[in-house]
There are 2 protein chains.
Amino acid sequence: MYSIRELSEIAGVSARTLRYYDQIGLLKPAYTNEAGYRFYGEQEINMLQQILFYRERGMDLKSIRKILYDEEFDLAGALEEHLRDLEQQKNRIDLLIDLVQRSIRAMKGVGDMRDAEKFQAFKENAVKQHEDMYGAEARRKYGDEEVDEAQRKVLNMTEEEYERFENLGKEIRERLKEAVLADVSPDSEEAGRIVMLHKEWLGMTWKKYTEEAHKAMANLYISDERFQAYYDREVPGCAVFLEQAIRNKVGAEK
Amino acid sequence: MYSIRELSEIAGVSARTLRYYDQIGLLKPAYTNEAGYRFYGEQEINMLQQILFYRERGMDLKSIRKILYDEEFDLAGALEEHLRDLEQQKNRIDLLIDLVQRSIRAMKGVGDMRDAEKFQAFKENAVKQHEDMYGAEARRKYGDEEVDEAQRKVLNMTEEEYERFENLGKEIRERLKEAVLADVSPDSEEAGRIVMLHKEWLGMTWKKYTEEAHKAMANLYISDERFQAYYDREVPGCAVFLEQAIRNKVGAEK
DNA sequence: CTTGACTTTGACGCTGCGTCAACTTATATC
DNA sequence: GATATAAGTTGACGCAGCGTCAAAGTCAAG
């Protein structure tokens, strides 16, 4: 029989820990004195070793109790679930590391760090908004990898690059509107130039440009109401015009 | 001016969170009503965005407060420190994942999982004890990588392998004692056989066997009192005998 | 003046113990 | 048997970052 201090020294845990384990019903002493003193036997040492075995693997005490006391408990299943949990934690940390590294890079060489901070936050906001609006659709169509990569590209842009990206988008919409209002043909030279701008604009976020993807994107503009609404907001017909122009130009280049 | 609910909706956090931030002095409202109602302005929105910016990167609120309120605070330094912290967390998780994966593998195909569990714990104990005793010395001499690899090798042993490993060690010590008691020469055939056993024994944990390392190990036996004590515990002279035998045999093989 | 929507403070809960504090017991010494 | 000391006991608070009641006060609208 071992006193609480003896067991704590054998197992390398504090007496407080043993009392706590008693309290939550994880490890009861073999018996208690009439004065309330706790005494542990060999069995309890074994139990404690098992507890520590799982604790070292990062399991919470509630799960450990289930493993050790629920008869016929699915041990293998519990371990695999715990493994998945750990991998999620790891993914989360990897994400944080990525974010912090990017922030450090972005703030280096920039005069005002607070400025860089705000710019970062701004880009993140833009990406998040975009994700909320088109994320599901894009992921279904191009896959998670492509979309994640595109987002990474945006997040890594410098202020100059981002400004160019925004201006490009604006210029496309402007020239589209003018073309549609002037009733220009989607086969015209101006339409071709707009398509080239659009291609450049896409290239700033896509991992790699392909004609297929470009045409698929164009198709989205007329088939998905949210995309269509985006281009037709001020002048109706822009989405259709852009789609035709892309279909002509990108098909003809071949 | 925004009420607490308005700000919480703008920023996507709960009102409770805002009250908590007020309480810990992280974000005070622009002013409070005579009734205690909190009201926030544009400045506070900005502040909150900054807070959330760092919170998303996994920083604790205390650090964030320092960053935002301590004038001339070393922002870059804080970010890099945080990065190191995250990397440590990642290392810890990687270690846990490794442990759990090994446990899952070890328990698969074994009849009694509790048995496998105990065996794992047993090996871990052995490795830990060894680390406590010789770890620092070994790491200085062979480097962390080698030692870690050796430990991994032991931890991955099956029960049969581990038994063989233990028996080999015991046999070496037994035959050493007999040889020394019988006053056999370190040049003798029996000494040679012991050296071969010792080589096999080392091979079970070392990443790769080299004669240099073998001789260095032998040298440890006579130069380090803890190693010497290990072999001389029952019959004095065993450590010296083994060292000489290894020096002869390993040198002569060339 | 009443209703209903908001807001306030206060307090417990969660995780796994560390760390007092105030007391009671066991053990060794004289 | 008295006493000093070591070891044990049961609370209870603290930590981080809020979620989640509860009880009570406040505001704008009708």
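Below, chains carry the letters A, B, ... as their sequence lines are ordered, and counting in each starts from 1. Values below: every heavy atom of this structure, side chains too, minus hydrogens, waters and symmetry copies.
Between the CZ atom of R5(A) and the P atom of dA7(D) there is a distance of 7 Å, given to the nearest Å. Between E9(A) atom CD and dA6(D) atom C1' there is a gap of 13 Å when expressed in whole angstrom units. Atom C1' of nucleotide dT7(C) and atom OH of Y40(B) are separated by 11 Å, given to the nearest angstrom. Between Q23(B) atom CD and dG17(D) atom P the separation is 12 Å, expressed in whole Å. Rounding to whole angstrom units, CZ of residue R16(A) and P of dG8(D) are separated by 15 Å. For I51(B) and dG17(D), the CD1 to P distance is 12 Å, given to the nearest whole Å. With rounding to whole Å, F39(B) atom CZ is found 10 Å from dT26(D) atom C1'. If you measure from atom OH of Y21(A) to atom C1' of dG16(C), you get 7 Å, rounded to the nearest angstrom.
Remark: R19(A) is in phosphate contact with dT9(D), judged by side-chain N or O atoms under 4.0 Å from OP1 or OP2. Contact annotation: S3(B) reaches the phosphate of dT7(C) (side-chain N/O to OP1 or OP2, under 4.0 Å). The shortest distance between the side-chain N/O atoms of S14(B) and the OP1/OP2 oxygens of dC18(D) is not below 4.0 Å. Taking 4.0 angstrom as the limit, N33(B) places a side-chain polar atom (N or O) nearer than this to OP1 or OP2 of dC27(D).
Side-chain proximity of A35(A) to the nucleotides dC18(D), dA26(C), dC27(D) is greatest for dA26(C). When the nucleotides dT10(D), dC18(D), dC17(C) are ranked by their closest atom to the side chain of R55(B), dC18(D) comes out on top. Closest to the I4(A) side chain, of the nucleotides dG19(D), dA26(C), dT9(D), is dT9(D). Taking the side chain of E34(B) as heavy atoms from C-beta on, and the options dT8(C), dG8(D), dC27(D), the nearest nucleotide is dC27(D).
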Next on the checklist: What verdict does the side-chain contact (heavy atoms from CB on, under 4.5 Å) test give for E80(A) and R84(A), after you've listed the backbone C-alpha separation in whole Å, the side-chain angles of each residue and the deciding distance to 0.1 Å?
Outcome noted: CA-CA 6 Å; E80(A) 301 209 349; R84(A) 278 195 299 278; 4.3 Å; yes
Item to check | side-chain contact (heavy atoms from CB on, under 4.5 Å) between L27(A) and Y40(A), intermediate numbers included | outcome: CA-CA 10 Å; L27(A) 180 69; Y40(A) 299 87; 4.3 Å; yes
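With no hydrogens or angles considered, a side-chain donor-acceptor pair links E42(B) and Y2(B) at under 3.5 Å.
Residues Y69(A) and M47(A) are in side-chain contact: their nearest non-hydrogen atoms beyond the backbone lie under 4.5 Å apart.
Below the 3.5 angstrom threshold, one finds no donor paired with an acceptor across the side chain of R38(B) and the base of dT8(C).
Nearer the 5' end of DNA chain D, as judged by each residue's closest nucleotide, is the contact made by Y20(B), out of Y37(B) and Y20(B). If you find the closest nucleotide of DNA chain D to D22(A) and to I24(B), the one lying nearer the 5' end belongs to D22(A).
A cation-pi arrangement, defined by a distance under 6.0 Å to the six-membered ring centre and an angle within 45 degrees of its axis, is present between R57(A) and F53(A).
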